[in-house]
Amino acid sequence: MSATRFAATVSYDGTAFAGSQIQPNVRTVQQVLETAAGVLFGSPTRVELAGRTDSGVHAIGQVAAFSAETRHAAETVRKALNANLPEDVSVRAVCAVPAGFDPRRWARKRWYRYTIANGEAREPLTRRGAWFVEGNLDVRAMQAAAQALAGKKDFSAFSGPLEPERTPVRTVFTAGWRCEGSTLLFDIEADAFLPQMVRRITGSLIRVGRGAETVEEIVRLLQQAEPGSMAYVAPAHGLCLQRVWYDEGYTV
């Protein structure tokens with residue numbers, strides 16, 4: 001029997017994880033997925049992810065891929081994986097994909113959302129999924145700065161440390177804020193993201209909202225492309241990977 005390649009849409013609360021990518025001696029999303037898959041298929045099963053999320057970052061639409069020799073249908077695989085996963089991880093959907101499917105390299109667009117709880121007092125019920133920012137924010141200026149990010153640009157200023165061979169050029173398709181009462185949502189879609197890129201962007205935009213930076217300063221620093229110059233990093237717990245898109249015909 002030949003192996004079947006599966007892709008899965010995975011949701012997780014990142015609070016108790018040391019990130020998504022497997023690391024020695026710590027709990028990661030990849031590690032618990034591989035454990036659950038190993039139990040289901042009866043042998044060690046390698047799981048690959050569409051993107052790397054930091055410790056504390058959440059996901060609704062992370063994509064995982066794995067291969068296994070099984071007669072189980074995709075929906076049966078989904079239910080069986082969930083039966084073996086901890087409560088802070090869930091497989092939302094599973095489908096069969098081509099044998100060469102690579103969830104990272106085949107991805108065409110990714111969508112992240114950062115959630116801000118803005119007000120005069122902390123809201124305990126949102127503390128795991130939103131960054132509490134006290135006081136008034138100039139959302140109009142934050143929106144102008146966000147829109148200046150669109151396009152194909154060198155995002156070195158918004159990046160954590162990069163491997164020498166990795167390019168800092170990314171294409172941002174859309175970036176913007178919207179308000180839902182006292183909650184501010186920052187949505188950004190790009191072909192790919194650099195380490196800490198969304199959190200550094202969010203931190204910088206909050207500084208604009210507080211009047212500590214101007215839109216012009218953000219644009220200037222972006223153009224100068226000095227690695228890590230946008231050093232104000234928003235907390236991890238407000239960030240969530242919402243969705244990953246693939247070529248037409250491959251729905252995950």
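Residue numbers start at 1 and run along the sequence shown.
Taking CZ of R207 as the reference point, atom OG1 of T214 lies at 10.5 Å (rounded to 0.5 Å). The distance from the OG1 atom of T115 to the NE2 atom of H58 is 8.5 Å, given to the nearest 0.5 Å. For the atom pair CD of E87 and CG of N82, the computed distance is 11.5 Å after rounding to the nearest 0.5 Å. To the nearest 0.5 Å, atoms CG (L40) and NE2 (H72) are separated by 5.5 Å. Put simply, CZ on R110 and CD on Q62 are 9.0 Å apart, with the number rounded to the nearest 0.5 Å. Distance CG/L205 to CG/L184: 11.5 Å, rounded to 0.5 Å.
Listed for the T45 side chain is a donor-acceptor partner under 3.5 Å among the backbone atoms of S43. Formation of a donor-acceptor pair under 3.5 Å by the R127 side chain with backbone atoms of P124 is found in this model. For the pair Q30 (side chain) and Q21 (backbone), a donor-acceptor distance under 3.5 Å is absent. Put simply, the side chain of Q224 never gets that close to the backbone of E226: no donor and acceptor are under 3.5 Å apart. Using a distance-only test at 3.5 Å, with no hydrogens or angles considered, no donor-acceptor pair links the side chain of D54 to the main chain of V57. Distance alone, capped at 3.5 Å, places no donor-acceptor pair between the R243 side chain and the W111 backbone. Looking only at distances, a side-chain donor or acceptor of R170 sits under 3.5 Å from a matching main-chain atom of T167. Counting only distance, with no hydrogens or angles, the side chain of N118 and the backbone of V133 share a donor-acceptor pair below 3.5 Å. Proximity of a side-chain donor or acceptor of S20 to a complementary backbone N or O of T53 within less than 3.5 Å is detected. Side-chain atoms of R92 come within 3.5 Å of backbone atoms of I60 as a donor-acceptor pair (strictly under, hydrogens ignored).
Contact check on D191 versus K109 returns no salt bridge, with no Lys/Arg side-chain nitrogen under 4.0 Å from an Asp/Glu carboxylate oxygen. Taking 4.0 Å as the cut-off between side-chain N and carboxylate O, E48 and R46 do not count as a salt-bridged pair. The pair R210-D138 does not count as a salt bridge, with every side-chain nitrogen at least 4.0 angstrom from each carboxylate oxygen.
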Kindly indicate, with the supporting measurements, whether the criterion side-chain contact (heavy atoms from CB on, under 4.5 Å) is fulfilled by D88 and F17. CA-CA 9 Å; D88 50 1; F17 288 103; 3.5 Å; yes
Go through S159 and M197 one step at a time and tell me if the side-chain contact (heavy atoms from CB on, under 4.5 Å) criterion holds.
-> CA-CA 5 Å; S159 179; M197 179 173 161; 5.8 Å; no
Quick one, D247 with R108, criterion salt bridge (Lys or Arg N to Asp or Glu O under 4.0 Å). Give me CA distance, side-chain angles, the key distance, then yes/no.
CA-CA 7 Å; D247 285 335; R108 293 293 174 257; 3.1 Å; yes
Trace of the side-chain contact (heavy atoms from CB on, under 4.5 Å) decision for Y232 with T202: CA-CA 9 Å; Y232 194 64; T202 304; over 6 Å; no
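Contact annotation: the side chain of I116 approaches that of I206 to within less than 4.5 Å [non-hydrogen atoms, C-beta and beyond]. In this structure the side chain of L222 reaches within 4.5 angstrom of the side chain of K153, judged on heavy atoms. No side-chain heavy atom of T183 sits under 4.5 Å from any side-chain heavy atom of R178. Taking the side chain as every heavy atom from C-beta outward, V89 and L33 approach each other to under 4.5 Å. Between L221 and M230 the shortest side-chain heavy-atom distance falls below 4.5 Å. Between P235 and Y114 there is a side-chain heavy-atom pair separated by less than 4.5 Å. Within the 4.5 Å cutoff, no side-chain heavy atoms of L85 are placed close to those of S90. Under the 4.5 Å side-chain criterion, counting only non-hydrogen atoms from C-beta, E217 is not in contact with S204.
Judged purely by distance below 3.5 Å, without hydrogens or angles, the side chains of Q242 and Y112 never pair a donor atom with an acceptor atom.
Using the six-membered ring where Trp is involved, F66 and F41 have ring planes that are tilted, between 30° and 60° apart.
By the rule that hydrophobic residues join a cluster once side-chain heavy atoms approach within less than 4.5 Å of another member, V10 and V97 end up as members of separate clusters. In the hydrophobic clustering of ILVMFWY residues, with side-chain heavy atoms under 4.5 Å counting as a link, V233 and F158 come out apart. Both I188 and L239 are part of a single hydrophobic cluster, where members link through side-chain heavy atoms under 4.5 Å apart. I218 and F155 end up in the same hydrophobic cluster when Ile, Leu, Val, Met, Phe, Trp and Tyr side chains are linked at under 4.5 Å. V172 and L162 fall within the same hydrophobic cluster, defined by Ile, Leu, Val, Met, Phe, Trp and Tyr side-chain heavy atoms under 4.5 Å apart, directly or through other members.
A pairwise comparison of heavy atoms in A74 and F6 identifies CA-CE2, 4.1 Å as the closest pair. For the pair L49 and A64, the tightest heavy-atom approach, listed with the atom from each and the gap, is CD2-CB, 3.7 Å. R78 and V91 make their closest contact through CG-O, 3.4 Å (heavy atoms, listed as atom of the first residue, atom of the second, distance). Across all their heavy atoms, R113 and D187 have their closest contact at NE-OD1, 2.7 Å. Heavy-atom minimum distance, P161 versus P195: O-CG, 3.8 Å. Across every non-hydrogen atom of A96 and T4, the tightest pair is CB-CG2, 4.4 Å.
The 12-atom threshold is exceeded at CZ of R27, counting heavy atoms of other residues, nucleotides or ligands nearer than 6.0 Å. In this structure, R166 places its CZ atom where more than 12 heavy-atom neighbours from other residues, nucleotides or ligands lie under 6.0 Å away.
Annotation: cation-pi geometry not satisfied between R5 and F101 (NZ/CZ under 6.0 angstrom from ring centroid, within 45° of ring axis).
Between W106 and Y246, the distance separating the two ring centers is not shorter than 6.0 angstrom.
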